[in-house]
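A quick write-up on the structure given underneath.
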Amino acid sequence: MPKPRQAGSQSGQRTLSFRASSLSQEAHARTRPEGMFSGRVWTMGNDMLHSASFPAAPVYPFASSFDKGLPMTVISRFAPSPTGFLHIGGARTALFNWLFSRHHGGQFLLRIEDTDRQRSTEAAKAAILDGLKWLELDWDGDVVFQSARQARHAEVALRMLDDGTAYRCFCTPLELEAMREQARAVGKPPRYDGRWRDRTDWPNAPHAIRLKAPQSGETQVRDLVQGEVRVGNEQLDDMVLLRADGTPTYMLSVVVDDHDMAISHVIRGDDHLTNTFRQVQIYKAMDWAVPAFAHIPLIHGSDGAKLSKRHGALGVEAYRELGYLPEAVRNYLLRLGWSHGDEEIISTTQAVAWFDLGHVGRSPARFDFQKLDNVNGHYLKQADNARLAELVAPFLAEALGRPVSAVGRERLERGMGGLKERAKTLKELTENALFYAKDRPLLYDEKARGQLGAQGRGALEAYAGRIAAALPAGAQWLQGRLEEEARAEAERNGLKLGQLAQPLRAALTGRTTSPPIFEVLEVLGREESLSRIRDALALDG
RNA sequence: GACUCCAUCGUCUAGCCCGGCCUAGGACGUCACCCUUUCAAGGUGAAGACACGGGUUCGAAUCCCGUUGGAGUCGCCA
């Protein structure tokens with residue numbers, strides 16, 4: 001596993017130069033620091049989460065070498081908060097960001113917004129990283145932990161205070177609550193009234209810092225997906241930037257981090273669209289370049305309501321456990337909200353070449369497992385047999401209660417051709433592959449048992465005798481020949497092939513559905529096949 | 001409630017920005033048939049949508065307005 005780069009050690013001495021120049025040279029901040037992020041960081045395990053943290057000092061390596069004057073490149077980011085697993089909507093957001101930056105040959109950064117210490121958990125961080133890794137969405141550079149940058153956020157708030165674009169607010173939570181209560185009573189939207197906007201009679205008490213937002217005019221956002229969106233400034237109140245305890249709010253943190261990370265395109269969920277107005281006001285207040293925004297619609301549950309746990313919102317790891325292939329999930333997610341004409345099956349390479357924000361739809365989509373199943377089935381058929389055998393082994397081991405034996409493993413791989421053809425998920429594949437991994441004697445299900453009545457056994461016995469004689473031990477045991485013998489035997493007895501094939505299937509697999517039965521015969525080999533038939537012939541009834 | 005966004009088959013969508021080529025195309029799902037040693041897959045076909053109402057225009061799925069419906073945001077959460 002590649003070792004994470006130690007961000008702090010290298011960038012520590014750049015602190016001053018970054019700070020001194022960041023405000024005046026922000027226009028160059030989007031340039032790409034040459035050669036710094038060629039490596040990929042796959043993060044696994046919790047120890048890594050800490051080692052990638054940044055020092056408390058307001059340092060950011062991405063913005064520190066902008067004086068190179070390189071041309072602007074696309075830098076996108078995925079910024080989940082680790083309060084739960086990486087759900088499917090987040091996964092799609094990550095995918096779109098990843099695709100966009102790869103398409104433009106830019107960078108895709110990962111920032112964990114763990115400022116809410118209360119709700120953030122190490123397990124959730126690991127789940128997010130693991131989820132991205134499973135989806136094969138690799139990010140550039142080190143993971144940024146927002147919590148490590150609080151000092152820088154506070155610094156910006158203080159700077160705004162100096163600039164007069166922010167002010168101290170001494171309202172108590174109680175007072176604010178009363179304010180909202182009163183507004184509600186009059187039927188007005190609950191908003192802060194700006195009572196401390198211009199006061200300077202500051203008591204010696206804890207206080208928050210609020211943005212001195214414009215009170216007239218309008219704020220507009222040029223969104224690459226939604227188009228131009230605008231709102232009257234009187235709709236927006238003076239939001240808190242820094243809490244009374246000195247910690248930054250989300251609104252401040254995102255803006256500062258996106259700026260410092262030189263993010264050129266903010267691609268995120270629709271639910272952030274109205275927040276964007278307030279964020280834009282911060283950019284303006286700091287006189288920073290506003291990044292391009294693209295708000296992609298949310299994914300809804302199959303009932304059309306917002307995707308929640310109740311509606312089956314699952315973490316990406318759940319999709320792995322359900323037996324979906326990462327490339328299938330990517331393809332499915334891509335088509336959920338993005339299109340390229342009538343194309344449905346789109347390889348990742350093709351997706352990188354084609355992806356654009358212009359073809360992202362504006363309306364929310366519902367998650368549909370049936371379609372995912374179909375797409376997954378497609379990729380299953382395409383997947384390499386050895387890889388599938390590898391992937392299905394743990395599923396099989398769980399069903400078996402023991403690891404898959406070497407013989408089982410070998411049969412699995414040789415029989416994969418017929419197996420993968422008839423499965424939509426690895427789970428289903430497991431179900432169908434069980435008979436290859438099981439030891440004799442097999443358990444027969446009810447229908448199989450039905451095929452092994454006196455008549456079926458009679459046909460079986462004759463066939464078994466025939467192939468045992470025609471293909472002695474050591475002779476080639478191939479499906480073509482095995483089928484020829486079956487056809488001849490059936491014809492000799494005036495039977496339809498099915499009257500022989502079905503009992504054979506029952507004997508060999510314990511079920512009435514399976515891959516092509518002569519293929520099964522070949523994969524199982526002479527001794528095992530004959531033994532399984534003998535087991536079946538010993539049945540009563 | 002206020003603000004913002006959205007609105008084509010059951011679902012994902014093409015078409016919309018740059019009105020006519022749209023008697024609205026594809027995919028999933030559904031149904032039928034074909035193929036067939038089972039189950040799948042595959043093939044062929046069918047049913048299935050421009051939310052509604054007004055404009056503008058020779059002409060509107062495409063432009064404008066309204067209605068309805070859905071979603072999101074309104075915290076010293078992120």
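All values derive from a computational prediction rather than experimental measurement. Chain naming here is simple, since letters A, B, ... match the order of the sequence lines and numbering starts at 1 in each.
Taking atom CG of residue N275(A) and atom P of nucleotide rC3(B), one finds them 18 Å apart after rounding to whole Å. Atom C1' of nucleotide rG26(B) and atom CZ of R335(A) are separated by 9 Å, given to the nearest angstrom. Computed from coordinates, the I346(A) CD1 to rA14(B) P distance equals 11 Å when rounded to whole Å.
Side-chain proximity of P364(A) to the nucleotides rC12(B), rC6(B), rA2(B) is greatest for rC6(B). In the set rA2(B), rC76(B), rC28(B), the nucleotide with an atom closest to the side chain of Q235(A) is rA2(B). Side-chain proximity of L273(A) to rU4(B), rC28(B), rA78(B): nearest is rU4(B). Of the candidate nucleotides rG1(B), rC28(B), rG72(B), rC28(B) has the atom nearest to the side chain of D368(A). Of the candidates rA78(B), rU4(B), rG29(B), the closest approach to any side-chain atom of H272(A) belongs to rA78(B).
Aromatic ring pairs are classed by plane angle as parallel below 30°, tilted from 30° to 60° and perpendicular above 60°; the pair Y319(A) and Y324(A) is tilted. A tilted orientation is assigned to the rings of F170(A) and W196(A), their planes being inclined by 30° to 60°. Between F293(A) and Y283(A), the ring planes lie perpendicular to each other; the angle is over 60°, past the 30° to 60° tilted range.
At least one side-chain nitrogen or oxygen of R487(A) sits closer than 4.0 Å to the OP1 or OP2 atom of rU37(B). Contact between the side-chain N/O atoms of R366(A) and the OP1/OP2 oxygens of rG29(B) is not found at any separation under 4.0 Å. Applying the 4.0 Å criterion to OP1 and OP2 of rC74(B), one finds that R191(A) has every side-chain N and O outside that range. Between T274(A) and rG72(B), a side-chain N or O to OP1/OP2 separation shorter than 4.0 Å is absent.
Note on L176(A): a base of the nucleic acid sits closer than 4.0 angstrom, heavy atoms only. Using a 4.0 Å heavy-atom cutoff across all strands shown, R511(A) reaches no nucleic acid atom at all. Counting non-hydrogen atoms under 4.0 angstrom, Q226(A) reaches the backbone sugars and phosphates but no base. Across all strands shown, A365(A) has heavy atoms under 4.0 Å from sugar-phosphate atoms exclusively, and none from any base.
Considering R197(A), Q281(A), Q215(A), K212(A) in turn, R197(A) is the only one that fulfils the side-chain hydrogen bond (donor to acceptor under 3.5 Å, both in side chains) rule with D238(A).
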Can you name the atoms? Protein N/O to nucleotides 17-23 of chain B N/O, anything below 3.5 Å, with the distance.
none

Identify the pairs formed between an N or O of the protein and an N or O of nucleotides 39-44 of chain B at a distance under 3.5 Å, and give each distance.
| residue | atom | partner | partner atom | Å |
| --- | --- | --- | --- | --- |
| rC39(B) | O2 | R422(A) | NE | 2.6 |
| rC39(B) | N3 | R422(A) | NE | 3.1 |
| rC39(B) | N3 | R422(A) | NH2 | 2.7 |
| rC39(B) | N4 | R422(A) | NH2 | 3.2 |
| rA41(B) | O2' | E421(A) | OE2 | 3.2 |

Please tabulate the protein-to-nucleotide N/O contacts below 3.5 Å involving nucleotides 7-9 of chain B, giving atom names and distances.
none

Just the table, please: protein N/O against nucleotides 47-51 of chain B N/O, every pair under 3.5 Å.
none

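Nearest-nucleotide mapping onto RNA chain B: of R92(A) and I517(A), the residue sitting toward the 5' end is R92(A). Between G498(A) and L336(A), it is L336(A) whose nearest contact on RNA chain B lies nearer the 5' terminus.
When all heavy atoms of P80(A) and L110(A) are compared, the closest pair comes out as CD-CD1, 4.0 Å.
Ion pairing between a basic and an acidic side chain is recognised when a charged N comes within 4.0 Å of a carboxylate O; E484(A) and R466(A) show no such pairing. Between R487(A) and E485(A), no side-chain nitrogen of the basic residue sits less than 4.0 Å from a carboxylate oxygen of the acidic one, so the salt-bridge criterion is not met.
In terms of polar N and O atoms assigned as donor or acceptor, the side chain of D342(A) comes within less than 3.5 Å of the base of rG25(B) in a complementary pairing.
In this structure, the side chains of I263(A) and V266(A) come closer than 4.5 Å at one or more pairs of heavy atoms.
Every residue two or more places apart in sequence or in another chain was checked for a side-chain contact (heavy atoms from CB on, under 4.5 Å) with E446(A), and none qualifies. Take R195(A) and apply the side-chain hydrogen bond (donor to acceptor under 3.5 Å, both in side chains) test, not counting sequence neighbours, and it matches E175(A), D193(A).
Stacking of R92(A) on the aromatic ring of F96(A) is recorded, both the 6.0 Å distance cut-off and the 45° axial limit being met. Note that R511(A) lies outside the cation-pi zone of Y444(A), set by a 6.0 Å cut-off to the ring centre and a 45° limit from the axis.
Side chains of N493(A) and E489(A): a donor-acceptor N/O pair is present below 3.5 angstrom, by distance only.
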